[in-house]
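Contents: one structure, followed by commentary.
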Amino acid sequence: MTGQVGRVKVIDGKYEVLRELSTQGMVTLSEVRAAEGVTRHVAWFAVATPADRQVFHAYRTALRALEPAGLTDVVARPGAYYAVWRPLTGQPLAALLEQKVRPQETVDALHATADALAAQGYALDDADLLIDNHQVSVAYLRPLTLPRTPEDIAARNAQTLAPLKAGRVRRRREPGAWLTFVPGLLLLGGAAYLGAQAVQIYLNPPVREVVSVTGQEAKAAAKALTAAGFRVEYTQGQAGGRAIGSIIRQDPAGGTNLPRGRLVILTVNNPPAIEVPALEEMNLGQARDALKDRAMVLGKVLKVDGTLSNTPEGRVIAQLPEAASSAQRGQSVQLLISTGISGKETWLPNLTGLTFEQARAHARAAGLVVNAVERQPSDKPENTVLEQTPAPYVRVDVGSPVKLTVAAARYSAPSRPAGNLPLPPAYVPPTPVQPEAPQDPQPTTEPVTPDAVPATPETDTGTTTPPAPATTQPTPPTPPATPEIAPTEPQTRSVNFEYVFPADLPAGNYTVVVRDDDGERQIMPPTAAANLANRRANSSEAAAVRGNAVFIIRRDGVDYATVTP
């Protein structure tokens, strides 16, 4: 987050760059002038990809664990990732290694520093070390683009510390060693006296009243009880509406008389840790509701210019503690709210053909907000962008709304249910007809006369047609008739919607519709995820549906889950 003031380069609006010292990958180290004219070194990270952001967060984690003396500030917010270092005084490590005699205290401190750096994945040559009064301080730690292996760290440290073997180590001497027997004599004399007093106190211990410390901070409560002569032990508990670290119970209770030296058990309010929700890009009301769902409260709210981070007015730019970090119930979260983007225009490319997630990412990068999603049946893959408003390459003010029309799967309900079809009767083959046996003709003795011959009809040609022999044809079986099924309309019935939303419900606005043979109808208006997470949702009234019905839960216009009644 750099800018130009005249011809002077300024970092984050408060560090005037005097000169650039070095550039290593994505990190530029510059000498700057801070407030009141003091000189500082700023390590600026040019974060352009999620991998670059991961490198910076790993570097910041190492700085938090090491707590180097030269570090003054670490900034992490969209568009500004850097660390500020102050100059230190002392002897460089190279000068110490060139000495022939080195103090034992300095050598021990150097080995301890090497172990601390190795635990965070860094070697000695990755840091600028200064020695002052036997103390080793980290003046600057160079970021690593790629992590080092333990073997690589050990080899580098061995090479750096190799000159120690050539020199001599001056052992530390304890002054007045010859007087060590004097405390022993005093101890023996005091032991006899204290032993007698201890026997007297053990046999006749004084009785004191246990003061009530409920509601006090744990450290102050323990101090009050130990001052009265009691022993104190802590145990963990939790209570709503009480400050974290305060005493919610004590055993014995306040006002009880006990001999001195007895044990008092204090129960400290220490509820289990919770995860801080992600509040970036929410407005103030949404952020307050999300914190309320996690039993957290809204802390200090600062308003800053959102031009450099392309954040619309009223939206969260950054938060402290960060999202997904551990926190306690009742803890406050500070927010940076954008005051808007002053005098800046932007535009969107052609989003047609992209997925909904890709189009929304383009809109966010341009400083626009997708606030409306319309679904349209199409043969294209589901959630593919079909239309957009504003049109491609049209210049609009930053923070303007964006409407997307995305593809939805085509669906046509059946005209009527098939129902159960009756089976036809079993087929029975017909019984074959047996032909009759021919009879032998009886001989006759009477002469055949022309009158005995049967007459045959004559044709127009004058020929005679012989009679056709008589034959018997079997009658084919008649197939059983298939009964016709009268069309039936689907019956209207009542169904209820019931669904338990998961605790890790993704952010967005959720709607519920019911789909049946008559189409789709909305039964739950758009509701933020913060109001639904880990809650049971059910319809107050039964929905009247026809035919096959299904409830569809949509997140920002995209199908999230289906519920079959």
Side-chain angles (χ1 to χ4, degrees), residues 1-2 11-12 20-31 40-86 88 92-94 96-97 107-131 135-164 273 275-276 278 280 318-327 361:
M1 190 177 291
T2 60
I11 296 178
D12 202 14
E20 292 186 357
L21 301 177
S22 64
T23 300
Q24 181 181 1
M26 57 181 287
V27 183
T28 300
L29 182 64
S30 303
E31 182 179 356
R40 294 287 186 266
H41 289 173
V42 173
W44 176 269
F45 286 71
V47 176
T49 64
D52 296 341
R53 191 179 297 108
Q54 185 176 3
V55 169
F56 174 80
H57 286 299
Y59 180 65
R60 184 179 62 173
T61 301
L63 294 181
R64 289 179 174 177
L66 294 172
E67 297 182 353
L71 183 68
T72 61
D73 192 13
V74 179
V75 177
R77 66 173 183 269
Y81 300 89
Y82 61 92
V84 184
W85 300 83
R86 64 182 178 88
L88 298 179
L93 176 61
L96 173 70
L97 297 177
V107 175
D108 293 341
L110 182 59
H111 284 287
T113 303
D115 294 340
L117 288 171
Q120 302 302 321
Y122 288 83
L124 286 173
D125 57 359
D126 294 327
D128 294 342
L129 303 179
L130 296 177
I131 294 90
Q135 298 294 327
V136 179
S137 302
V138 178
Y140 175 64
L141 183 64
R142 282 174 285 279
L144 296 178
T145 305
L146 297 176
R148 299 193 185 280
T149 62
E151 295 77 10
D152 184 26
I153 295 173
R156 287 175 173 270
N157 289 345
Q159 183 178 1
T160 303
L161 300 177
L164 293 178
E275 186 176 284
V276 180
E280 293 184 3
Q319 63 183 87
L320 187 69
E322 297 179 352
S325 60
S326 298

What pair of heavy atoms forms the shortest contact from Q319 to E280, and how long is it? OE1-N, 3.8 Å
Note: V138 and A127 closest approach over all heavy atoms is CG1-CB, 4.1 Å
In this structure, CZ of R60 is separated from CD of E322 (nearest 0.5 Å) by 3.5 Å
With a 3.5 Å distance limit and no angle check, can you tell me whether Y59 reaches the backbone of L141 through a side-chain donor-acceptor pair? yes
On a heavy-atom basis, which atom in R53 and which in V47 lie closest, and how many Å separate them? N-CG1, 3.7 Å
Salt bridge between D126 and R148, side-chain N to carboxylate O under 4.0 Å? yes
Between the CG atom in L71 and the CG atom in L88, the distance rounded to the nearest 0.5 Å is 10.5 Å
Heavy-atom nearest pair, F56 first then V75, reads CZ-O, 3.3 Å
So how far is it from L110 CG to L129 CG, rounded to the nearest 0.5 Å? 7.0 Å
Got a second to check how far R77's CZ is from L320's CG, nearest 0.5 Å? 12.0 Å
To the nearest 0.5 angstrom, please state how far the CD atom of E67 sits from the CZ atom of R64. 11.0 Å
Hey, does the side chain of E20 reach the backbone of S22 with a donor-acceptor pair shorter than 3.5 angstrom? no
For a quick test of reading the model, state the closest non-hydrogen atom pair linking A43 to V27 and the distance between them. CB-CG1, 4.1 Å
Flag side-chain contact, heavy atom, 4.5 Å: Q24 against T145: no
Would you please test R156 and L124 for side chain to side chain contact (heavy atoms under 4.5 Å, CB included) and show each step? CA-CA 7 Å; R156 287 175 173 270; L124 286 173; over 6 Å; no
Is it true that a side-chain atom of S30 and a backbone atom of V42 form a donor plus acceptor pair closer than 3.5 Å? no
Working for side chain to side chain contact (heavy atoms under 4.5 Å, CB included), residues H41 and L29: CA-CA 7 Å; H41 289 173; L29 182 64; 4.1 Å; yes
Thinking salt bridges, do R142 and D128 make one under a 4.0 Å N-O criterion? yes
So, does R86 use its side chain to make a donor-acceptor pair with the main chain of A69 at under 3.5 Å? yes
Supply the atom-to-atom distance Y122 OH to L63 CG, rounded to the nearest 0.5 angstrom. 7.0 Å
Going by atom types only, do T49 and D52 share a side-chain donor-acceptor pair under 3.5 Å? yes
Do you know which two heavy atoms are closest between R40 and V84, and how far apart they sit? CB-CG1, 3.9 Å
